[in-house]
Amino acid sequence: MTIEIKAVSGKVLYTATTASDVKAALVEAVKSRTYLYGANLGGADLGGANLYGADLYGAYLGGADLYGANLYGADLGGAYLGGANLYGA
């Protein structure tokens, strides 16, 4: 299955061809050090994801579930986190 991570503008930032869901696609993008400026991840289930060092500057994460996600070293500058679950992140 192909999963695209898009910016709020609609621009495709990353295309995953082997990921089974958005969480797996995002982890894959982070591992490949993809620049995810302005990624639209609103409402995504990212609980427990390893987002170590992710470049999510200006990302839209409104309502996303980041419960237990590893955000160590992640750049969330300017990111929108309204309504996001950050418990244990």
Side-chain angles (χ1 to χ4, degrees):
M1 172 159 69
T2 299
I3 298 175
E4 293 180 334
I5 297 175
K6 295 183 179 181
V8 174
S9 67
K11 176 184 175 184
V12 176
L13 302 173
Y14 186 80
T15 302
T17 57
T18 59
S20 58
D21 57 23
V22 173
K23 181 184 349 184
L26 182 60
V27 168
E28 186 179 305
V30 170
K31 283 183 182 177
S32 68
R33 303 178 90 44
T34 301
Y35 183 57
L36 297 166
Y37 175 82
N40 185 357
L41 299 165
D45 177 7
L46 304 173
N50 183 8
L51 303 177
Y52 175 86
D55 188 352
L56 292 167
Y57 187 89
Y60 178 80
L61 292 156
D65 181 7
L66 291 155
Y67 178 87
N70 178 8
L71 297 173
Y72 184 79
D75 182 357
L76 294 169
Y80 178 78
L81 296 163
N85 179 4
L86 297 168
Y87 184 81

- Out of curiosity, does Val12 fall in the hydrophobic cluster containing Tyr60 (side-chain heavy atoms, cut-off under 4.5 Å, transitive links)?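 In one cluster with Tyr60: Val12, no.
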- Query: Do Leu13 and Leu76 sit in the same hydrophobic cluster, where Ile, Leu, Val, Met, Phe, Trp and Tyr count as joined when their side-chain heavy atoms come under 4.5 Å apart?
  - Reply: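 Result: yes, single cluster for both.
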- Note: with side-chain heavy atoms under 4.5 Å as the link, the other cluster members for Tyr52 come out as Tyr72
- Selection residues 4-20 - residue pairs positive for salt bridge (Lys or Arg N to Asp or Glu O under 4.0 Å), sequence neighbours left out: Glu4-Lys6
When the side chains of residues 78-89 are checked against the rest of the protein, which donor-acceptor pairs come out under 3.5 Å, sequence neighbours left out?
residue, atom, partner, partner atom, Å
Asn85, OD1, Tyr87, N, 3.1
Asn85, ND2, Asp65, OD1, 3.3

Determine all donor-acceptor pairs shorter than 3.5 Å in which one atom belongs to a side chain in residues 26-37; sequence neighbours excluded.
residue, atom, partner, partner atom, Å
Glu28, OE1, Thr18, OG1, 3.4
Glu28, OE2, Tyr14, OH, 2.7
Ser32, OG, Glu28, O, 3.4
Ser32, OG, Ala29, O, 3.0
Ser32, OG, Thr34, OG1, 2.9
Thr34, OG1, Ala29, O, 3.2

- Query: Of all residues at least two apart in sequence or in a different chain, which pass the side chain to side chain donor-acceptor pair (under 3.5 Å) check with Asp45?
  - Reply: none
